[in-house]
There are 2 protein chains.
Amino acid sequence: MSHTAELIAVGTELLLGNIANTDAQTLSKELSALGINVFYHTVVGDNPDRLRQAVDIAKGRADILITTGGLGPTCDDLTKNVLAEAFGKKLVYNPEAAQRMEAYFQKLHPEAGQKMTENNYQQAYLPEGCTPFQNDWGTAPGCGFEAGGVHVVMLPGPPSECGPMFRARAVPYLRDLTDGVIASRSLRIFGMGESAVEHQLREQMNSLQNPTLAPYAKEGEVELRITAKAEDDHAAQALIAPVERELRERFGPLIYGADVPSLESVCLSLLREQGLTLSAAESCTGGLIAKRFTDLSGASAAFRGGVVSYTNEVKHCVLGVPQDLLDQYGAVSEPVARAMAEGARRALGADLAVSATGVAGPDADDRGNPVGLVYVALAWEGGVHVRAIHAAGPRERVRTVAASHAFDLVRRRLTGLDL
Amino acid sequence: MSHTAELIAVGTELLLGNIANTDAQTLSKELSALGINVFYHTVVGDNPDRLRQAVDIAKGRADILITTGGLGPTCDDLTKNVLAEAFGKKLVYNPEAAQRMEAYFQKLHPEAGQKMTENNYQQAYLPEGCTPFQNDWGTAPGCGFEAGGVHVVMLPGPPSECGPMFRARAVPYLRDLTDGVIASRSLRIFGMGESAVEHQLREQMNSLQNPTLAPYAKEGEVELRITAKAEDDHAAQALIAPVERELRERFGPLIYGADVPSLESVCLSLLREQGLTLSAAESCTGGLIAKRFTDLSGASAAFRGGVVSYTNEVKHCVLGVPQDLLDQYGAVSEPVARAMAEGARRALGADLAVSATGVAGPDADDRGNPVGLVYVALAWEGGVHVRAIHAAGPRERVRTVAASHAFDLVRRRLTGLDL
């Protein structure tokens, strides 16, 4: 039997925009992996009437109802009270939950200056007949119960408690309800726009039912996700494989990886495998290439360093870009991009070096080069290649796309593709 | 009259947990500042029936309905079609929207290899009688219209388009609906944690009704927003002023600005006013200081450049950090931070230079320095100051907080405060 879950997050702080509903993201991923459909997320404030209304709507369209938040003492256990009432359950005292909270407070404040309050003891009351989800990550316990054909799961709101409790306590509870699994495969494309990718795939996307195929646009990139439902993982992978093969034939080297976090992470893996080092010379990207690469833990194994050369003097004095090139062609030019990459490779002692020089905007430069024109170069022992790009959009996007092109050059070079 | 808005986000990627609904957070903050209540957020997939159901529920309980997502060609303009039908509006061709998209594509690919597809032209159809929200940040236009007493606002889903379009196009549209004005003033604090700030303000926050006072935590920073409702801006400002004065007395130089976008933007303004230049030497921040500073348009007026010295060789050869300091104290040390800042100032020829060297994580360094320990330094003509910080949290947060400390040193130096 196929199940449908619905998520209700309780918390005024979400409606005020103080935090994003990351619990919904975490749980949706987990539910998808369990083969449970999710058709709606709802967010409601700390208000019993509106929560009750949301619960009444949700139980009419889903058979698994998962709440996050509204369990702690600061909200008077709003969620527990409203849900228990909505499903006709009494709240009963759970001694184990109370003991665990006592132990938690003891650990937190061993000098016993702060003790559990009456409010905390309220948290130990749970709906009758439920499966308690003891909380090893905070105080408020969660629980799961069934009433009138609907399975209700209540989880605490703090992300540091919600995700761990779901995985450790709710997944075993829910797994008993489901048959089958959902598997997905994400192919990442760089070098073709979203509309163009979608145009090529439109027929296929519409005709595919299982697996499904969906594109997601990222800045200057497209992610293609193939998702299959089957009775086990092996069968799901067998549904995915032929679609992946077809996409790989169609898009070839535009696909830079499958189930990888980013273009730069692919570069880091390749550099480490091949025992090579990288450096960067950045003008318009202003440190973004170095920043993105060093966001990756383990980057120090391959990254030597970078120079952000925001002035011609720095390009000349630190990177050794010949003054006559700067005078003759200007900083935003193919020869200067080339000399910057070569200079970074030399000055920072790396096997490969990338560079970027261009006009990030908002205004054209003093030589009339338009916003979005960027020269991106890659230098290696015995060679250098420059790519001219025209990135659309605001400053931030121009910089992001330019940095991605630099990583794309590295990726292509290290996998033997044309640059 | 008081208004209630409801947010509906459209996108299967949200239900699969691929992304969090950050648009809801962005818009909720903005709506709160406009004095518009938000009681529910809903997320629904790329499914016309379920979207229609969500719209029908929402229009029964809110008088402003804001959708995000489902406007691009990949989802067949799902949101526009469903909303137009739900509110009995025909879709009509908007030539300006089409022209803007053509210009966007022209800029993206001036060599005309890639053209607008039929799918893109579909995006130029908008509900009859609507106020078009042209898209300066991507392709799909948004719009606002009124039908049956409900105001509908449609925005694109990508966060880089949704927030900017809301602020630039939807806020003026919505502001016409509210009587009186809402004014707000945002004081930015660096150097005190959120709970400490909140602790100091708890009583005041609870007692204040108009204006209200609310803290928002950012990474390592706190924003205090004072919001007043009044019949005109002058009256609203008069309500805000005494609260601002009190907060300034309480927090003194921890407040780095009012209604400013960021610590680095304050630094850029100060540098420009005083005709000074800045450079950076970065180890653990890996380019983030340079990246954040050059995110600001106009940064080139003050920024000379930076060196990302991810290895000791680069610290020594490019920045001139003496080898014996590196050998004796290690890269993560007060003397090396000092020498890096002095070296960046010298090598890049700037009036001021900042440096950061520390352990971003996930692991302690080989000398046993713990994750989160960072030395941040500022060098100026005739002096240098080092600040040791202990930042908690994952790699990304350590880097962000360290970069902010570097900017805080610049800000304090240029305003004559103690470092």
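First the proteins, then the strands, lettered A, B, ... as listed; each starts at 1.
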Provide the closest heavy-atom pair for L288(B) versus K291(A) in the form atom of the first, atom of the second, distance. CD1-CE, 3.6 Å
Please report the closest heavy-atom contact between A20(B) and Q25(A), naming both atoms and the distance. CB-OE1, 3.2 Å
Interchain contact, R61(B) with chain A, by part (heavy-atom threshold 4.5 Å): side chain
Could you report the tightest heavy-atom contact between Y40(B) and T42(A), atom names first, then the distance? CD2-CG2, 4.2 Å
What one should report as the nearest heavy-atom pair of V308(A) and F303(B) is CG1-CE2, 3.9 Å
Looking at G17(B) and S28(A), what are the two nearest heavy atoms and their distance? N-CB, 3.5 Å
Under 4.5 Å between any side-chain heavy atoms of K29(A) and L16(B), yes or no? no
Side chain, backbone, both or neither: which part of I57(B) has a non-hydrogen atom closer than 4.5 Å to chain A? side chain
Pair count under 4.5 Å, heavy atoms only, with chain B: among L15(A), I8(A), V38(A), highest is L15(A)
N18(B) side, atom CG; S32(A) side, atom OG - distance, nearest 0.5 Å: 8.0 Å
Whatever's closer than 4.5 Å to a heavy atom in chain B on R395(A) counts as side chain
Residue list, side chain to side chain contact (heavy atoms under 4.5 Å, CB included) with T212(A), at least two apart or on another chain: T227(A)
Under 4.5 Å from any heavy atom of chain B, what part of S309(A) do you find: side chain, backbone, both or neither? backbone
Select one option (side chain, backbone, both, neither) describing which atoms of L296(B) are under 4.5 Å from chain A's heavy atoms. backbone
N369(A) meets the side chain to side chain contact (heavy atoms under 4.5 Å, CB included) criterion, sequence neighbours left out, with V332(A), V359(A), D365(A), R367(A), L373(A)
What residue in R225(A), H199(A), E223(A) has the most heavy-atom pairs under 4.5 Å with chain B? R225(A)
Heaviest contributor of heavy-atom pairs below 4.5 Å to chain A, chosen from C317(B), G306(B), A347(B), G361(B), is G306(B)
Which bit of S297(B) comes within less than 4.5 Å of chain A, counting heavy atoms only: side chain, backbone, both or neither? both
Start with the C-alpha distance between R399(A) and D295(B), add both sets of side-chain angles, then the distance that settles salt bridge (charged side-chain N to carboxylate O under 4.0 Å, His left out), and finish with yes or no. CA-CA 9 Å; R399(A) 284 157 52 100; D295(B) 275 340; 2.9 Å; yes
For T294(A), is it the side chain, the backbone, both, or neither that has a heavy atom closer than 4.5 Å to a heavy atom of chain B? both
Checking V318(B) against chain A: side chain, backbone, both or neither under 4.5 Å from a heavy atom? side chain
Are any of the side-chain nitrogens in E313(B) or R304(A) under 4.0 Å away from the carboxylate oxygens of its partner? yes
Atom pair CG (N21(B)) and NE2 (H41(A)), whose distance is rounded to the nearest 0.5 Å: 8.5 Å
